[in-house]
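Note that the numbering runs from 1 along the sequence shown for the chain.
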Amino acid sequence: MDFSKLYHPNALNSFQFIAVVGAIMSAGAQLIIRLLGNAQPEGYNYLYLCWLALYIGGTLLNYFGKPSDDHHHHH
């Protein structure tokens with residue numbers, strides 16, 4: 001099992017990449033909200049569960065999904 005598909009940017013599929021970027025951006029937004037002293041929106045932490053679910057789904061596709069022919073162009 002190739003564990004680099006869990007962390008190496010070149011081995012991540014688009015679902016995993018979106019989940020990682022989303023989690024980073026959500027954490028950045030949460031930090032800014034706290035630094036400004038504003039109240040965190042209710043349910044904000046559920047965003048992290050959504051990013052985790054997307055990452056896990058992407059990981060399952062990355063390991064067990066069939067490779068696609070996306071790089072194959074027909075003219």
Task: Partners passing side chain to side chain contact (heavy atoms under 4.5 Å, CB included) against Ile32 (at least two apart in sequence or in another chain) - done: Leu36
- [ ] Is it possible for you to say whether Leu47 and Phe17 belong to one hydrophobic cluster, with membership spreading through side-chain heavy-atom contacts below 4.5 Å?
- [x] no
Task: Listed partners of Tyr55 passing side chain to side chain contact (heavy atoms under 4.5 Å, CB included), at least two apart - done: Leu6, Leu12, Gln16, Ala19, Val20, Thr59
- [ ] Output yes when a side-chain donor or acceptor of Asn38 lies under 3.5 Å from a complementary backbone atom of Ile33, and no otherwise.
- [x] no
Task: side chain to side chain contact (heavy atoms under 4.5 Å, CB included) against Ala53, all qualifying residues, sequence neighbours excluded - done: none
- [ ] Could you state whether Leu60 and Phe3 fall into the same hydrophobic cluster, counting links through intermediate Ile, Leu, Val, Met, Phe, Trp or Tyr residues with side-chain heavy atoms under 4.5 angstrom apart?
- [x] yes
Just distance, no hydrogens or angles: give the donor-acceptor pairs under 3.5 Å from side chains in residues 21-29, sequence neighbours left out.
residue	atom	partner	partner atom	Å
Ser26	OG	Gly22	O	2.8
Ser26	OG	Trp51	NE1	2.9

TODO: Please list, chain by chain and in numerical order, all residues satisfying side chain to side chain contact (heavy atoms under 4.5 Å, CB included) with Asn45, sequence neighbours excluded.
DONE: Gln30, Gln40, Tyr48
Task: Any donor-acceptor N/O pair, Asn62 side chain to Ala11 backbone, under 3.5 Å - done: yes
Open item on the list: Test of understanding: clusters of I, L, V, M, F, W, Y form through side-chain heavy atoms closer than 4.5 Å, transitively. Do Leu52 and Ile18 belong to the same one?
Closed with: no
